[in-house]
Amino acid sequence: MVARLHYESDLPQIEIARRLGLSTATISRLLRRAREEGIVRIEIRDFAAPDEITRELIEALGLKQAAVVDTVEVGLLGSLAQPVGSLLRTAGLKDGSVLAIGWGRAVREVIRAGLPRIPGVITVPATGGMQQSAPHFQINEFVRLAAEQLGGVPKFIFAPYLPSPEYRDAFVNDPTVRDQIALWDRIDVALVGVGLPHTVDPIHAGTVTSSERALAHVAGDVIRHYFDEAGNIVPWEGDKSLIAVSPAQLRAVPLVIGVAVSPEKARAIIGAVRAGLINAVVTDVATAQAILGVLQG
């Protein structure tokens, strides 16, 4: 469990210690033992050049853009910031352009690592907020920080991403919320994460509904729009109540950058592209090779 939380879910040792009620020294000792006993194996392998893999990924998935980084495990998510910044700089963003931002660990770390200066860009959440304390769910904070880095204008959505059906209309018809949601119809670029099925990613089990937990057959999700590996959107009981950029709106966006790492997410990334929810991918070499491996059968 400790090894999975650290190496697969990219949680720092102090966060694992807090969740499990253990000391950081104990977590460090358990991770060291996992390496010594062969439970975890760290290899330095000869990879194909990232530029070559990037070209293969674009061709295999039919992407508009892609970037693949070759980096070590430590700081992996933050290392995605540079290629994301490059994609933003070449996307033609200008004063008044709209950048929609999703949630997730990869999105958070990319923004924390820094975005390029593109003055006047409007940043807006791609969903309403979630009543969770975990830092990677604080979407309005991502929007504020991104605007600060870009030299842009933040627009916040003070409404839950999943209100009860009887209150959804009240939220979306509030004048302030309505004005921000209207920006979703003119998004120029979106930056989103790609999630795993909740049966595979138990860390988030407490943040989802029973209907979502029952979606064992999905490949993954993008801002709670679930899909299978073939790219079919999978309905669930809350999808009509969501306050989030819709699949149709995402498909109309010129550039939707999906940031995700972990070979375990290969099928989720493939499904997200086939569903039209992302059309650009920023990832690492190991994940890109896993994607190509799945596609090549």
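One is the number of the first residue; the rest follow in order along the sequence.
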Working to the nearest 0.5 angstrom, can you tell me the gap between [X] [atom1] and [Y] [atom2]?
X	Y	atom1	atom2	result
Arg267	Leu295	CZ	CG	9.0 Å
Leu63	Thr54	CG	OG1	10.0 Å
Ile27	Arg19	CD1	CZ	12.0 Å
Ile187	Ile101	CD1	CD1	10.5 Å
Leu99	Leu191	CG	CG	6.5 Å
Ile16	Thr24	CD1	OG1	11.0 Å

Heavy-atom pair of closest approach, residues [X] and [Y]:
X	Y	answer
Pro165	Ser241	CG-OG, 3.5 Å
Val222	Ala272	CG2-CB, 4.0 Å
Ala113	Ala81	CB-CB, 3.5 Å
Pro125	Asn140	CG-OD1, 3.2 Å
Ala147	Thr123	CB-OG1, 3.4 Å
Gly92	Ser97	O-OG, 4.3 Å

Note, [X] side chain near [Y] side chain (heavy atom, < 4.5 Å):
X	Y	result
Thr283	Lys265	no
His225	Val192	no
Asp188	Leu255	no
Ser28	Gln13	yes
Arg108	Ile111	no
Ile223	Leu250	yes
Leu88	Ile257	yes
Arg224	Thr127	no

Following the transitive rule for hydrophobic clusters with a side-chain heavy-atom cut-off under 4.5 Å over Ile, Leu, Val, Met, Phe, Trp and Tyr, establish whether Ile14 and Leu20 coincide in one cluster.
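Ile14 does not cluster with Leu20.
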Same cluster or not: are Leu162 and Phe158 linked, directly or through other Ile, Leu, Val, Met, Phe, Trp or Tyr residues, by side-chain heavy atoms under 4.5 angstrom apart?
yes
Report yes or no: do Asn232 and Asp228 form a side-chain donor-acceptor pair below 3.5 Å?
yes
Contacts of type side-chain hydrogen bond (donor to acceptor under 3.5 Å, both in side chains), residue Asp185, not counting sequence neighbours:
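Partners of Asp185 by the side-chain hydrogen bond (donor to acceptor under 3.5 Å, both in side chains) criterion, ordered by chain and then number, come out as Gln249.
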Looking at residues at least two apart in the chain, or sitting in another chain, which of them share a side-chain hydrogen bond (donor to acceptor under 3.5 Å, both in side chains) with Arg112?
Glu109
Carefully, step by step, assess Val110 and Leu115 under the rule side chain to side chain contact (heavy atoms under 4.5 Å, CB included).
CA-CA 8 Å; Val110 164; Leu115 299 178; 4.1 Å; yes
Restricting to salt bridge (Lys or Arg N to Asp or Glu O under 4.0 Å), what partner residues turn up for Arg168, sequence neighbours left out?
none
Going by the rule salt bridge (Lys or Arg N to Asp or Glu O under 4.0 Å), which residues pair with Arg251 if we only count those two or more places apart in sequence or in a different chain?
none
Under 3.5 Å donor-acceptor, Asp284 side chain and Val69 backbone
no
Return yes if some donor-acceptor pair links the side-chain N/O of Thr287 with the main-chain N/O of Ser262 below 3.5 Å, else return no.
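Confirmed, Thr287 side chain pairs with Ser262 backbone.
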Not counting sequence neighbours, list each pair that qualifies as a salt bridge (Lys or Arg N to Asp or Glu O under 4.0 Å) and has a residue in residues 126-143.
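Passing the test, one end in residues 126-143: Glu141-Arg144.
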Test side chain to side chain contact (heavy atoms under 4.5 Å, CB included) on Trp236 and Leu242 and set out the steps.
CA-CA 11 Å; Trp236 59 287; Leu242 277 177; 4.2 Å; yes
Steps toward side chain to side chain contact (heavy atoms under 4.5 Å, CB included) verdict (Leu277, Ile233)
CA-CA 10 Å; Leu277 302 183; Ile233 298 295; 4.1 Å; yes
Pick out which of Val124, Ile243, Val245, Asp174 makes a side chain to side chain contact (heavy atoms under 4.5 Å, CB included) with Ile181.
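In the set Val124, Ile243, Val245, Asp174, the residue that makes a side chain to side chain contact (heavy atoms under 4.5 Å, CB included) with Ile181 is Ile243.
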Qualifying side chain to side chain donor-acceptor pair (under 3.5 Å) pairs, either residue in residues 81-90, two or more places apart:
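Output for this query lists Gln82-Ser86, Ser86-Arg89.
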